[in-house]
Each structure stands twice: as C-alpha cells, then as structure tokens.
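Residue numbers start from 1 in every chain, and the chains themselves are labelled A, B, ... in the order their sequence lines are given, proteins ahead of strands.
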Amino acid sequence: MFPQDPVSRAPQGDAFPPQGAAPSPTPSPLLANLNPEQLAAVTLPSGHALILAGAGSGKTRVLTTRIAWLLQNGLATPGGILAVTFTNKAAKEMVARLSAMLPVNVRGMWIGTFHGLCNRLLRAHHKAAGLPQAFQILDTQDQLSAIKRLCKQYNVDTERFVPKQLQYFIAGCKEEGMRPGDVPTHDSDARKKVEIYQLYEEQCQREGVVDFGELMLRSFELLRDNDPIRAHYQRRFAHILVDEFQDTNKLQYAWLKQLAGDEVAGHFEPQGSVMAVGDDDQSIYAFRGARVGNMQDFVREFDVERQIKLEQNYRSYSNILDSANALISHNSKRLGKNLRTEQGPGEPVRVYEAASDLQEAQWMVDEIRQLVRSDGVARQEVAILYRSNAQSRVIETALFNAAVPYRVYGGLRFFERAEIKHALAYLRLLENPQDDTSFLRVVNFPPRGIGARSLELLQDAANGAGCSLHDAVSTISGKAGSNLTAFVAQIDVLREQTQGQTLRAIIEQMLEASGLLEHYRAERDGQDRVENLEELVNAAESFVMLEGFGRDAVALPLDEHGEPLTQSPASQGLDLNAPLLDAPLSGPPGVDQDTGETLSPLGAFLTHAALEAGDNQAQAGQDAVQLMTVHASKGLEFDVVFIGGLEEGLCPHENALSEQGGIEEERRLMYVAITRARKRLYLSHSQTRMLHGQTRYAMKSRFFDELPESALKWITPKQSAFGRTAPFSEAASAYGTSARGQFGLNSERFASPPVPPQKLPAAHGLSAGKKVFHTKFGEGKVLAIEGTGDDARAQVSFARHGTKWLALAVAKLTLVD
DNA sequence: TTCGAACGTCTTTTT
DNA sequence: GACGTTCGAA
C-alpha cells in the first residue's frame, strides 16, 4: 500500500528551502499536498529547528510526516527516533497517523508522553536510578494522602502548612529540578517546608513509590549522573521531536538537553537533531510550571538556525481568524506570528449579552436547536467552551431540560473512581507490600474493625522499627493485632494463590477475597460501582491482549469499554511481530537492562493505570453537544463553538489579574478558544451569574474591546448604549423568581432580630469612599455606585474577599462610620 | 466504629 | 450550590 519507491529516495535532504510547491519531479506521496512551509519543515536537513505552528496550521501532520520522511529516506531508523508529547491522546494520534503512512514497527520507536518515556527509562535502569523494579506510581490523589499521612506522623501543624499547598510546593520544586537541598530557605517557614519535602522523599523511597514529578526528576538525574547510559541514549536518538514545546517546564527542557548532548566547557554541544514544535500564543499552562521562555532558550542554546513559521490556517473562516489575530496582538511578549486563511470571511462572530447565566444557557440551547434543525449541523460538531468547570452546570441543566444530548469532558476518570482506586490498592499490595498508601486505603475498607486507634498503634510500631505498616503488624498484640493479622494474612495468602495466574484471574480473586464486590453489592446505590469493578476486569483483559506485558509506552485507543476504537493492530499496518531494528536497549519498557527481568503482567497493568487515568466517562453516544473547559479544548476543533461567561472576573479570571503575566495568559486562553471554531463562533457574557451560591454582577470582558468590530455582530435584543434596559427583572421573571421576590426574602430575614444597626435604603447614603459592613464579606470600602432603585449596585472592595459588585436591593450592607 | 451535621472552600489540569 | 473534611454523638 505504501511502496517504498527507491526513486523517491532522492536526496531531498538538501531541499531547503524548497524552491516551489513541487520539490522533485517524482514527489513522494508522503509530501503531496503540503504547503511550502510545511514541506520545508518536513524535509529539513539534520540540525536543530524550531517550528512555530499556529493554531490549525497542520502541526501534527508536519510532525508525523517528518518522522515518516526521515524513515523513508533512510535518514533515521525507527529506533533512532524519540518523539515526545504531553498527553496520551497526542501520542496515540501520532502513532496512528504514522502507521497509516508507513508500514513501520511503531513498537520499536520511542513515541510517548514525557512521563511514559521516563517510566520506560527508569524501569530499564532501575538499579542505577536507585529504585525497585516494581516501583509504583503515585497519582495526584495518592500523593496528597501520602503527604497528609506524613504530616500526621510528624505532627505538622496543618493549619499553617496545608497539605494541598505542601503538595503544590513539592511538585513545584521538582518541576524546577530542585531536591530539598537545592531549595533556598530564607525563613523558618521555608525551612519547615523543605524539611517536610525531605521527609516525604524518604517516605516515598522507603515505600518504593514515585510521584509524577519524581518520574521526571529521577530520570533526569539518571541521565545526568550516568555517563555510559547518557552516552548510549545520545548516540541512539539521532532525532528528537517535541510536540507542544511551549508547555515544557524547566525540568523537561533539562531532560531533553541531557538526551540531546553535553555541556562542554560552558557551552552546550548537542549531538542529535532536535525539532521543537510549538506555539507561544497557545501557552496556557504557565500556572503549572510551563515556561514559554524555553523556546528562546532553545534557539540560543542549540544555536538553532532553522525557524519555520506555519501561519497558513486550514481551519477557520477569516472573521474568526481576524478576531483571534486582533485579540492576541494585544499581548506584548510574542515571537510574532499571524495566521492567514484562504477561506472567505464566513459568518460574522455573533455576540450575545444575557441578563443572567440562566438566560445565557437558554440562548445557547435555543441557538443549537436552531442550528441542528435548520442548518443541519451535527451536534457533535458543536462545542460549548467555558473558563471554569463550575459554569457547566447551568448549561447542562438547560440542555437536559431541552432534551438535547450532550457530553461533558473532564469529569472523574475511570482509574480515579473511588472503587477502582480501592481495587488497585489491593492489587498494589500484592505487588508491593511496603506500599503504605495503598495499605491505609484498604486496611479498613470494606470495614473490618480496624479503626483509627489500631492504626495509630501500628503506625507507631512501624515508625519505631523503621519498617512498613505491613511488616509492623506482627508486633501488635491484642484484639487490634488479631484484626490486623487477619488482614495481612489475607493479602499474603492471596499473593501466594495468584502467583503465576492470568491478570484476569488475579483481579477476580482479589475482588472476591477482599470483599469489595460484596460490599458494593450490598450498598443501595452500589450498582454503578459494581459495574465499574467488572469493567476493571475487562480493562485488564484488553490490556493483556493489546499491549503485551509492560509495553505501555503507547496504547491503542480504547473506547469507554476498553475496546479498541480502531480495528486490530494488524489491519492498521502495525506489525507486532516484526523484529526490533536495534538490538540491545530496545526491548519493551519494563525490562531490566542488566538482568533481563521483566515487570509482571500485574505490575505493568498498574503502571498503565497510573500513567493513563483512562478516558473520561462515556456518556451519551456520538451525536452529542460537547461541553468542556477552554483548557480541555486545546488541540480540538469544531464547526460551531460557543464561548460563554466572557465577563471580567471570570475571563479574565480575577485570580489571574494579580499574577505576573496573568492577563496575557488569560488572553492566550481566549485565543485558544476562538481558534477552535471552523465555521461559526458565538461569544456571550451575562450581567449576573450565580457563583459560590450567590448572585454576582459582572462587566463584560475587556477582551471584547480587543476584537475587530467589523467581524462581530451583536445579536442581543433591546441593546441599549450601556447594554442594560432593565433586563434583570425580565430574566428573573422568566425563571420564576423576581428580583422583588428575592428582595422580599432577604428583608424578611433581616426583619427578625438581631436588628442590624442601620439598613441602607437602596442607593441612598452610599457614595464612593464610604466604609460598609457585609454580613458575609466583612468590612469593605465602596469604590463606585451605579444605577437607581432596585437596579442600584455598588462596587465594594473587601479586605478578604476582593472587589465585588453588589446589588443594593439584595446585599446585606450596613454603613460603618 | 459509624453516621450525620456543620464548616470551609471553590481557576485552569496532564501525567 | 456542592463537595470534601472534620467533629461530635450514638
């Protein structure tokens, strides 16, 4: 199907820059239909390159075609390629596209996520990395509970040192590549945090577990500190390709440098060729350590000479694109890039001002039904995007009431569900009895009479002996001891019994022996959980079939039932039995490079579960409207896109205003959202919104002022100069509660004692600069007053709760002298 | 030990 | 408004 025509193996490596659209008389089918910039990127000669790929410019296509081109022209072997992405989804897509282009053994290639590849390295060299071969991976939940346990054990004041914040701190340190000894300690607070970090590290090491950050950091150190290992991989990976480079953090960049070359006399000397693909305008993960500056650093440190901009957009009509371009041009720190399209202007961008979030949602639903009915738009081609998850509820309700099928992305994922976590904890104890996090998770679940006091006793014994909870059980006597002994014995017996059995058999026996199934069967609302546990067996089954043991780097895409979405691997052109092209270090991940020992099927499955939390919930089939946060929408595209809640405080989010570079990141977020749309784009904002259980007023987002008026069409009914013709009561009455009714309710509450010192009459007695007291927010200062009568509202700045707009008819305000 | 009420919190999120 | 955590009572 893809003949490797020797004629097309012409020395295209020198074809840079290409002279025209057709580079050679017999163009390879691979290169057909690439535009000049794409072609240039795909056929770059060896050396380092930065590809600035705008939204919708065919980035993934360039990346995969580049790999295929390298292979086809004998410029690289599959084993010599390292391609790294951020998400499993992106990695899978790359593999799928690649195997559609070339009959290549993708198993031999290192294509995967940063964490997946790190895992592979650490399993292969676990001794050099100082880890047990069967080390387990802590996800975010596990990590937090490990930290809480540690705090308890060392009597850390969790008021001062909140576990969540400690987790954030530790993760942040690791992202910066800092071990406890590297963290600056200016004050006693910092010293304490570092001390906890140190203790946490010791605990993880003792238990043989590794968190996500550790996966990265440990494999970075492995490369840095082991010359032969580093040299091996540097020689091996002649071509390193990085997707979404703008999202890399400091540590990931340092990791890449280790693989790419060495520092010689203060100057970095790369060996292989690194191609970084990214878009600084789509950097939306600074909040979790991403460093756009890596792009500039890359250019400088690698002496990058080839920079190619992909600015041709194949996705959107020009009204949409012009809006995106205009918006992003307000950012100051940009590498500079402007998307263009050859498509016509298309529909104008429609803008709607709603009186309330309810009305906004209702409008979206009406509009969608209209689109589906009259314009024949497929529902799955419609996406509703929002800044924060909390916004989805109102929209879901409206869609549900109108019986419009929808699907929400970003809920709890399969391997994160409580019942699944419990089951996995049992399995992990079979693999590694030292795993205290798992031990504590299930020691009394289902309840078996082991309470806090017994565990305290056990914890003390374990601390004293410096051993795991599992091993400390034998030292406990009395009733507490017998319960614990029974639990440990049960686990140990199960481990014996399941030795050498299939994964399916192991899990089924565990589910019975642990009492998990029984427990959920007896529970009134436990049906879903029982089904999920049964699903776990299926997931394991297909894992074994499709992956082979330990081959976790890239899984075939599975649907919500764990079934492969595509046909069998063979029909995709993948050859599972093909010999690996390079011998010594190319085995499946999980093979010890010294002993050849492999990870057990169970160990491999647990790794898979930790690194790939599974798809989000299935929900309604194909023909459903897609709901997700803007973050989650990155990399996707839809015919019709709604972006709701474009209000000050929400987008840009109020928390971002105080952060360095916060506004610019919010603007990029909006840019990403806009560029998801192919044909139609709707923007909306609402005057009021329920947030944290109370109605808040909000001004429309400043980003509206940055969009080109010529591309927009305001479709709000009864639009007045300042956008308000008493819409508040209108909207409220449409949903059964009037503003007056709310007022009545509140005044009733107020009428009963204790009598407030001085209830403010609406819009009277207040002026900018006055001090007021709010029953919930405390003392604040009035910044501004707007409107009259029931519509009057005041902007008040509170010390603890920030600046808010309050409806005077509703808010419980009193004057303070 | 277990259950229910009260309390506090609440951007974004992949691995 | 909703969820998770904590605290007190049975």
Task: Nucleotide nearest K148(A) when distance is taken to its side chain, options dT15(B), dT5(C), dT11(B) - done: dT5(C)
Open item on the list: In this structure, how many angstroms lie between the P atom of dT12(B) and the CE atom of M670(A), rounded?
Closed with: 18 Å
Open item on the list: What contact category does E175(A) fall into here, base, sugar-phosphate, or nothing, at under 4.0 angstrom with non-hydrogen atoms?
Closed with: nothing
Open item on the list: What contact category does G213(A) fall into here, base, sugar-phosphate, or nothing, at under 4.0 angstrom with non-hydrogen atoms?
Closed with: nothing
Open item on the list: Distance to the ring centre below 6.0 angstrom and angle to the axis at most 45 degrees; does that hold for R123(A) and F135(A)?
Closed with: yes
Open item on the list: Side chains of E360(A) and S686(A) only: does a donor on one sit below 3.5 Å from an acceptor on the other?
Closed with: no
- [ ] Report the distance from atom NZ of K152(A) to atom P of dT6(C), rounded to the nearest whole Å.
- [x] 8 Å
Open item on the list: Syn if the chi torsion is within 90° of 0, anti otherwise; quick check, which is dT12(B)?
Closed with: anti
Task: Side chain of H115(A) (C-beta onward), nearest among dT13(B), dT11(B), dT15(B) - done: dT15(B)
Open item on the list: On DNA chain B, compare the nucleotides closest to N389(A) and A610(A); which residue's is nearer the 5' end?
Closed with: N389(A)
TODO: Please check if the distance between the ring centroids of F114(A) and F220(A) is under 6.0 Å.
DONE: no
- [ ] Tell me whether the OP1 or OP2 atom of dT13(B) has a side-chain N or O from R413(A) closer than 4.0 Å.
- [x] no
- [ ] Grab the CD-C1' distance between E396(A) and dG1(C) for me, whole Å please.
- [x] 14 Å
Open item on the list: Can you tell me which nucleotide in dT15(B), dT11(B), dT13(B) comes closest to the side chain of R288(A)?
Closed with: dT13(B)
Open item on the list: Using a 6.0 Å cut-off, check whether atom CD of Q153(A) has over 12 heavy atoms from anything other than its own residue.
Closed with: yes
Open item on the list: Within residues 244-252 of chain A, which residues have any heavy atom lying less than 4.0 Å from an atom of DNA chain B?
Closed with: none
- [ ] Might you point out which heavy atoms bring I284(A) and H631(A) nearest each other, and give the distance in Å?
- [x] O-NE2, 3.3 Å
- [ ] May I have the distance from Q391(A) (atom CD) to dG1(C) (atom P), rounded to whole angstrom?
- [x] 17 Å
Name the pairs: protein N/O against N/O of nucleotides 3-6 of chain B, kept only if under 3.5 Å.
none

Task: Atom pair CD (E612(A)) and CZ (F543(A)), whose distance is rounded to the nearest 0.5 Å - done: 9.5 Å
TODO: Would you indicate, yes or no, if dT15(B) has its OP1 or OP2 atom less than 4.0 angstrom from a side-chain nitrogen or oxygen of T140(A)?
DONE: no
Open item on the list: Looking only at side-chain N and O atoms, does T248(A) offer a donor or acceptor that is under 3.5 Å from a partner on N294(A)?
Closed with: yes
Task: Spacing between L144(A) atom CG and dC3(C) atom P, to the nearest angstrom - done: 19 Å
Task: Any N88(A) side-chain N or O less than 4.0 Å from OP1/OP2 of dT15(B) - done: yes
Task: Nucleotide of dT15(B), dT2(B), dT12(B) approaching H631(A) most closely (side-chain heavy atoms) - done: dT12(B)
Open item on the list: Under 3.5 Å, is there a donor on one side chain and an acceptor on the other for E419(A) and N532(A)?
Closed with: yes
Open item on the list: Heavy atoms from C-beta onward define the side chain here; which of dG1(C), dT11(B), dT15(B) lies closest to that of M690(A)?
Closed with: dG1(C)
Task: Candidates dT2(B), dC3(C), dT11(B) - which lies nearest the side chain of R393(A) - done: dC3(C)
Open item on the list: Which heavy atom of L606(A) sits nearest to which heavy atom of R428(A), and what is that distance?
Closed with: CD1-CG, 3.6 Å
TODO: Classify the side-chain pair Q143(A)/D211(A) by whether it contains a donor and acceptor separated by less than 3.5 Å.
DONE: yes
Task: Value in whole Å for how far the C1' atom of dT11(B) lies from NZ of K164(A) - done: 13 Å
Task: Verify stack between F287(A) ring and dT12(B) base, 5.5 Å, 30 degrees - done: yes
Task: Value in whole Å for how far the C1' atom of dT11(B) lies from CE of M628(A) - done: 18 Å
Task: Nucleotide of dT11(B), dT2(B), dT13(B) approaching H653(A) most closely (side-chain heavy atoms) - done: dT11(B)
TODO: Would you classify F86(A) as touching base, sugar-phosphate or nothing, given that sugar-phosphate means primed atoms plus P, OP1 and OP2, and contacts are heavy atoms under 4.0 Å?
DONE: sugar-phosphate
Open item on the list: Taking only side-chain N and O atoms of K634(A), does any of them lie within less than 4.0 angstrom of OP1 or OP2 on dT12(B)?
Closed with: no
Open item on the list: How many whole angstroms separate atom CG of L669(A) from atom P of dT13(B)?
Closed with: 10 Å
- [ ] Locate the shortest heavy-atom distance separating L131(A) from V210(A); write the atom from each residue and the value.
- [x] CD2-CG2, 3.7 Å
Open item on the list: Just to be sure I understand the rule, does I450(A) reach a base, reach only the sugar-phosphate, or reach nothing, if contact means heavy atoms closer than 4.0 Å?
Closed with: sugar-phosphate
